[in-house]
Amino acid sequence: MTTTTTETVENLNRGPIDRVEMARLAAHDILPGSFVNLGIGLPTLVADHLTPGSGIVLHTENGLLGMGPVARGDQIDPDLINAGKIPVTELPGAAYLHQADSFAVIRGGHLDVCILGAFQVSERGDLANWHTGAVDAIPAVGGAMDLAAGAKSVHVMMTLFHDDNTPKLVPTCTYPLTGRGCVSRVYTDHGTFQVGPNGVTALETFGSTVEELSERVGINIVRLSNSV
Amino acid sequence: MTTTTTETVENLNRGPIDRVEMARLAAHDILPGSFVNLGIGLPTLVADHLTPGSGIVLHTENGLLGMGPVARGDQIDPDLINAGKIPVTELPGAAYLHQADSFAVIRGGHLDVCILGAFQVSERGDLANWHTGAVDAIPAVGGAMDLAAGAKSVHVMMTLFHDDNTPKLVPTCTYPLTGRGCVSRVYTDHGTFQVGPNGVTALETFGSTVEELSERVGINIVRLSNSV
Amino acid sequence: MVLIADDADAAVNGIEDGSTVLIGGFGRAGLPWDLIDALGRLGARDLTIVNNNAGNGATGLAALLHAGLVRKVICSYPRQVDSYVFEDLYRAGEIELEVVPQGTLAERLRAAGAGIGGFYTPTGVGTTLAEGKESRSIDGREFILEYPLHGDVALIGAHVGDSAGNLVYRKTARNFGPIMAAAAALTIAQVVNIVAPGDLDPEAVVTPGIYVDRLVVAGPAPAVEEL
Amino acid sequence: MVLIADDADAAVNGIEDGSTVLIGGFGRAGLPWDLIDALGRLGARDLTIVNNNAGNGATGLAALLHAGLVRKVICSYPRQVDSYVFEDLYRAGEIELEVVPQGTLAERLRAAGAGIGGFYTPTGVGTTLAEGKESRSIDGREFILEYPLHGDVALIGAHVGDSAGNLVYRKTARNFGPIMAAAAALTIAQVVNIVAPGDLDPEAVVTPGIYVDRLVVAGPAPAVEEL
């Protein structure tokens with residue numbers, strides 16, 4: 001679609017990156033002035049890496065635009081929490097919203113970026129992050145499906161492999177879906193990828209070549225080409 | 001349905017009542033604590049006859065619950081008007097609402113009573129009050145259809161006859177409908193009527209017997225019976 | 001007319017067996033703990049509870065579940081670190097669960113209060129939560145049809161109320177209160193204090209009094225339970 | 001990021017021919033008269049205008065119509081005592097009109113902002129305004145299907161804005177502003193003054209800044225026209 005002259009960067013003189021570096025990369029890609037929702041878990045780390053003065057506004061779906069950092073000490077107020085039920089703060093210019101208004105922000109397509117954790121992401125951008133599908137698991141979705149369906153861009157932050165070394169980036173999700181074809185970018189410890197109708201493209205890798213990751217993940221990961 | 005021992009009252013030693021008396025009757029039937037919307041025109045007169053301390057709260061669909069009397073002199077504020085675009089006042093305990101919230105009050109069935117003017121009301125309670133059906137008339141509906149569909153009780157205040165003496169209470173509306181089967185009570189200069197699935201019942205008449213009105217209107221108007 | 005109740009027991013008086021009870025709050029913020037405890041003491045049974053979660057620890061909503069008063073829970077997120085009361089009942093097949101995406105839950109409540117008969121949402125399309133639901137393509141995008149969620153009763157926690165029933169909330173404790181208040185036939189709110197009409201700024205009222213039937217001043221909040 | 005425009009002409013810069021323009025206000029309350037006049041000077045043509053009315057007197061919206069800039073009006077109440085500009089164009093067949101019940105107009109705007117694909121309303125059932133619309137019985141009651149109404153641009157009049165775009169309104173001037181702001185791709189608000197973020201109470205913000213793209217401080221309101 002757009003023409004780009006960027007090539008995939010392979011960082012081979014180092015190992016996989018840690019969660020802090022993943023958060024820094026995810027934060028770096030958010031444009032100044034964006035409205036952003038950070039999911040529970042790994043994505044909350046992204047908040048620590050947003051540039052002050054960038055005008056990025058954080059939304060938490062339990063009803064706040066303009067969320068500030070996690071509350072400490074005297075700042076802790078039981079009436080001011082984030083979607084993970086952690087006490088947070090409000091920034092100047094904040095606004096409180098009830099649940100219908102807060103999810104209207106999400107479903108109405110007003111969030112520029114949402115960053116979510118995931119169990120699996122398919123090469124076409126399907127997302128599975130709410131249910132392992134285990135028979136005795138208690139299903140619990142929260143706002144994940146609304147965010148998947150509503151945000152202009154859905155980015156995922158996750159380790160590339162489960163603890164048992166099976167990949168989370170998959171040809172087809174085997175876990176129950178949160179949303180179809182909604183994810184556009186995936187930040188992992190082994191690399192950053194674009195996913196979507198054209199499959200998986202590596203933007204940057206850490207500790208492996210694109211071909212090595214392709215083989216280990218078991219799907220065809222392509223490089224950025226000079227002119228797409 | 002309910003048992004009543006009331007009988008139709010025929011006031012024969014007087015003529016038809018005027019608009020102020022109609023408004024007084026319509027006001028008298030509103031229960032204390034009710035939430036009420038008064039339509040443009042005749043129904044606005046009802047506000048002058050509500051008992052102070054009755055706890056009746058007026059809604060105006062352009063976005064105010066707790067509307068007070070028409071503004072005079074220094075009270076006039078161009079940002080505080082009613083649905084007829086007349087400057088009004090707010091009472092203690094008022095709340096402002098945007099248009100979606102204000103019509104959620106109406107459509108959601110939260111108004112106890114709405115009093116509207118009408119071109120025609122059918123014996124089954126159909127309402128026509130938005131459009132004469134004339135070919136060159138500019139159609140304009142405002143909030144009338146929402147009020148007709150949404151209020152728990154829709155009452156109409158109107159003269160019983162047009163200027164050309166044709167009745168406004170009709171077997172079937174010939175003007176375009178505002179709502180089907182929505183009206184339950186009609187206040188007119190010649191009498192007060194219940195309308196609905198069982199047709200027209202006179203509650204009280206002014207200057208005519210029930211039979212005289214039946215004949216002049218051209219529909220079967222019945223009396224309240226001792227036990228319905 | 002708004003009833004100012006003397007205490008939470010008086011406020012919940014008359015809630016019947018089999019009621020659908022909307023309970024506000026997200027975590028502890030906005031949770032009407034005093035009214036929930038009173039509902040437990042009232043002992044109404046066979047309840048359907050609508051809340052974002054399915055109870056935590058052993059108190060509040062979890063205590064209602066533990067007492068066997070609840071037939072069904074409609075919520076978005078029943079699985080929490082300390083939701084063992086619900087989990088045990090669920091695994092034992094002793095309670096029904098309807099999981100609804102949080103935004104769809106909110107919109108279904110909003111639709112109930114606003115007189116909307118149903119609405120098309122893109123949330124959940126292509127997932128197991130859309131199974132059995134009508135879907136429809138509108139302007140090239142797929143939507144599923146969802147219906148309003150009405151309550152017989154709403155129990156909500158607000159900040160300050162006036163005696164006409166107008167409410168303001170505090171920070172993220174606002175959450176489900178305003179939409180549940182409008183969605184229920186009988187709305188009961190616990191507040192920190194009650195002021196006279198005119199003491200709340202009419203521009204800042206979040207829930208107008210038309211949606212509130214009973215008010216009670218809540219006692220001091222219970223301490224945070226050890227997790 | 002919110003653009004603080006130097007004047008109304010800068011604020012409306014770039015509005016294109018053929019745009020659907022949502023214009024707030026009910027009567028004079030909340031009418032963004034300064035932005036409307038600037039839109040007239042910009043001269044964008046072939047516009048679809050969404051407003052509760054269809055212009056009064058010879059100024060404001062009526063002037064846009066008179067200048068031939070408007071192809072279609074979507075409103076609830078075009079017939080007013082002094083709506084002669086619209087009426088003449090309408091009778092001459094020179095302008096299209098879509099009449100929508102006021103609550104349906106509001107709900108269609110709200111649906112557009114909230115990502116709802118369509119909704120079922122009881123308003124208008126059995127009337128000529130339901131003709132050609134899909135209907136459906138839900139729980140024994142008849143509803144008609146209505147679709148969202150999106151704007152390319154919204155011009156609204158608020159009271160005070162902060163430089164993050166948060167808005168508060170004044171009394172019944174609130175009317176369509178909040179729902180139009182959310183329903184348009186580009187929202188431009190005129191305000192009485194602009195304050196710093198933090199100067200508005202976050203509990204009392206009615207339109208959060210996420211819905212606002214450009215702000216301008218309006219000049220003094222024009223005098224009421226003789227009717």
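Keep in mind the model is a prediction, meaning the values are calculated, not measured. First the proteins, then the strands, lettered A, B, ... as listed; each starts at 1.
For A:Asp126, no part lies under 4.5 angstrom from a heavy atom of chain C. Residue C:Arg79 touches chain A through both its backbone and its side chain, counting heavy-atom pairs closer than 4.5 Å. Heavy atoms of C:Arg110 lying under 4.5 Å from chain A belong exclusively to its side chain. Contact annotation for A:Ile138: both backbone and side-chain heavy atoms come within less than 4.5 Å of a heavy atom of chain C. Contact of C:Leu105 with chain A is not made at all, since no heavy-atom distance falls under 4.5 Å. Of the two parts of C:Ser83, neither the backbone nor the side chain holds a non-hydrogen atom closer than 4.5 Å to a non-hydrogen atom of chain A. For C:Phe86, the part lying near chain A is the side chain, with the backbone staying farther off; criterion is any non-hydrogen pair under 4.5 Å. Of the atoms belonging to A:Leu97, it is backbone heavy atoms, and not side-chain ones, that fall under 4.5 Å from chain C. With a 4.5 angstrom heavy-atom cutoff, C:Tyr90 touches chain A only via side-chain atoms.
Taking a 6.0 Å sphere around CG of A:Asp163, one finds it holds 12 or fewer heavy atoms contributed by other residues, nucleotides or ligands. In C:His66, the NE2 atom is not crowded: 12 or fewer heavy atoms of neighbouring residues, nucleotides or ligands sit closer than 6.0 Å. Atom CZ of A:Arg19 has 12 or fewer neighbouring heavy atoms from other residues, nucleotides or ligands inside a 6.0 Å radius. No more than 12 heavy-atom neighbours from other residues, nucleotides or ligands sit within 6.0 angstrom of CG on C:Asp139.
C:Thr127 and A:Thr178 make their closest contact through CG2-O, 3.4 Å (heavy atoms, listed as atom of the first residue, atom of the second, distance). In terms of heavy-atom proximity, C:Ala29 sits nearest to A:Ile81 at CB-CD1, 4.1 Å. When every heavy atom of C:Glu107 is checked against every heavy atom of A:Ala100, the shortest pair comes out as OE1-CB, 4.5 Å. Pairing each heavy atom of C:Phe26 with each of A:Ala83, the nearest pair is CZ-O, 3.5 Å.
Proximity of C:Lys171 to A:Leu64: side-chain heavy atoms (C-beta onward) are nowhere separated by under 4.5 Å. Contact check for A:Phe103 versus C:Gln102: side-chain heavy atoms found under the 4.5 Å cut-off. For the pair A:Trp130 and C:Pro101, the minimum side-chain heavy-atom distance is 4.5 Å or more.
If you tally non-hydrogen atom pairs under 4.5 Å between each of A:Gly143, A:Pro139, A:Pro176 and chain C, the highest count goes to A:Pro139. Looking only at heavy-atom pairs under 4.5 Å with chain C, the residue among A:Asn62, A:Thr60, A:Leu80 that has the most is A:Asn62.
For the residue pair C:Asn56 / A:Lys85, no side-chain donor-acceptor distance below 3.5 Å is found, with atom types taken as modelled.
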Between C:Arg170 and A:Asp77, is a side-chain contact (heavy atoms from CB on, under 4.5 Å) present by the stated rule, with each step listed? CA-CA 10 Å; C:Arg170 192 166 170 277; A:Asp77 180 335; 2.4 Å; yes
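A:Gln99 CD to C:Leu109 CG: the interatomic distance, rounded to the nearest 0.5 Å, is 9.5 Å.
At distances below 3.5 Å, not a single donor-acceptor pair connects side-chain atoms of A:Arg107 with backbone N or O atoms of C:Thr123. Between the side chain of C:Thr172 and the backbone N or O of A:Gly63 there is no donor-acceptor pair closer than 3.5 Å.
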